[in-house]
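Structure first, then comments.
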Amino acid sequence: MTHSKIIAPSLLSANFANLEYDIRQCEDAGVQILHVDVMDGHFVPNITIGPPVVKAIRKVTRLPLDTHLMIEEPDRYLEAFAGAGSTYLTVHYEACRHLHRTVTRIKELGMKPGVSLNPATPIEFLSEILPYCDLVLIMSVNPGFGGQSFIPTSIDKIQNLSAMIRSMNLSTLIEVDGGVTLDNAASVAEAGTDILVAGSAVFAQGTIEASFKELQQAIR
Ligand code: DX5
Ligand code: ZN
């Protein structure tokens, strides 16, 4: 299966006081998927948004919502995010004691399951769960905040994951999150990434449309 590589704007860097406006800008620019960061102040130091905000976003757009849970005990909230309208629901490997059960439940609830790895977690830990995932999210920064610098060793990690997915004859999508900029987007894509998350690179400079299009151009 071939698929084109896409940029997923992370709403973490959008204007929380007027998300609808920023989402409309994304749609007008040709964005195909929105990345939504959920943080609980426990798994990561920061606190962001929860199911009510995802539900509000769902009401103003038909774009797929790629929901990234950076929370402890995600099992407690799977129903809530399904009800809120999440399309992909990604949990952290490091936050799940019974990951297969969690991933299975996400699928049962009608969402596409993703598993995310922190920078220090090796891809080898995915070998058993990979056939059950639609997506693997490689963190290229330590999760918690936008605007951090890309950890360079993530490139090898992406290449190795890409080889692992091919060797298992799977079509699992590879998503990369953290520190993606105009300078490194091409090499991140080249390493085997299908979806590049970009927060500050889309929302923190110039117009959303110009920033998004420039990034999207860089990975074609
Ligand atoms: C970080 C979040 C990211 C964040 C990326 O923990 O998971 O999605 O928005 O922001 P940038 O692209 O600015 O590194
Ligand atoms: Zn994220």
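The model shown is predicted, which means the values in this text are computed figures rather than measured ones. Just follow the structure's listing: the first ligand is 1, and inside any ligand the first atom is 1.
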The Zn ion (ligand 2) to [X]: nearest N/O/S atom name:
X	result
Asp37	OD1
Asp177	OD2
His68	ND1

**Message:** Check Glu79 with Arg105, please: is the shortest side-chain N to carboxylate O separation under 4.0 Å?
**Reply:**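 A salt bridge is present here (some side-chain N lies under 4.0 Å from a carboxylate O).
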**Prompt:** Between Lys157 (side chain) and Thr121 (backbone), is there a donor-acceptor pair under 3.5 Å?
**Reply:** yes
**Message:** Treating Asn118 as the side-chain partner and Ala120 as the backbone partner, does any N or O pair qualify as donor plus acceptor under 3.5 Å?
**Reply:**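 It does not hold such a pair.
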**Message:** For the residue pair Ser10 / Asp177, report whether a side-chain donor-acceptor contact shorter than 3.5 Å exists.
**Reply:** no
**Message:** Can you see whether Ser86 engages Thr67 through a side-chain donor-acceptor pair at a distance of less than 3.5 angstrom?
**Reply:**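 There is such a pair between these side chains.
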**Message:** Within a 6.0 Å radius of atom CZ on Phe16, are there more than 12 heavy atoms belonging to other residues, nucleotides or ligands?
**Reply:**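 Yes.
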**Item:** Residue pair Leu135 / Glu175: nearest heavy atoms and the distance that separates them
**Value:** CD2-OE1, 3.4 Å
May I have a table of the N/O to N/O pairs between ligand 1 and the protein that fall below 3.5 Å, each row giving the two atom names and the distance to 0.1 Å?
from: ligand 1; atom 1: 6 (O); to: Gly144; atom 2: N; distance (Å): 2.8
from: ligand 1; atom 1: 7 (O); to: Asp37; atom 2: OD1; distance (Å): 2.9
from: ligand 1; atom 1: 7 (O); to: His68; atom 2: ND1; distance (Å): 3.3
from: ligand 1; atom 1: 7 (O); to: Asp177; atom 2: OD2; distance (Å): 2.8
from: ligand 1; atom 1: 8 (O); to: His35; atom 2: NE2; distance (Å): 3.4
from: ligand 1; atom 1: 8 (O); to: Asp37; atom 2: OD1; distance (Å): 3.1
from: ligand 1; atom 1: 8 (O); to: Asp37; atom 2: OD2; distance (Å): 2.7
from: ligand 1; atom 1: 8 (O); to: Asp177; atom 2: OD1; distance (Å): 2.7
from: ligand 1; atom 1: 8 (O); to: Asp177; atom 2: OD2; distance (Å): 3.0
from: ligand 1; atom 1: 9 (O); to: Ser10; atom 2: OG; distance (Å): 2.7
from: ligand 1; atom 1: 9 (O); to: Asp37; atom 2: OD2; distance (Å): 3.2
from: ligand 1; atom 1: 12 (O); to: Gly199; atom 2: N; distance (Å): 2.8
from: ligand 1; atom 1: 13 (O); to: Gly147; atom 2: N; distance (Å): 2.8
from: ligand 1; atom 1: 13 (O); to: Ser200; atom 2: N; distance (Å): 3.0
from: ligand 1; atom 1: 13 (O); to: Ser200; atom 2: OG; distance (Å): 2.5
from: ligand 1; atom 1: 14 (O); to: Gly179; atom 2: N; distance (Å): 2.8

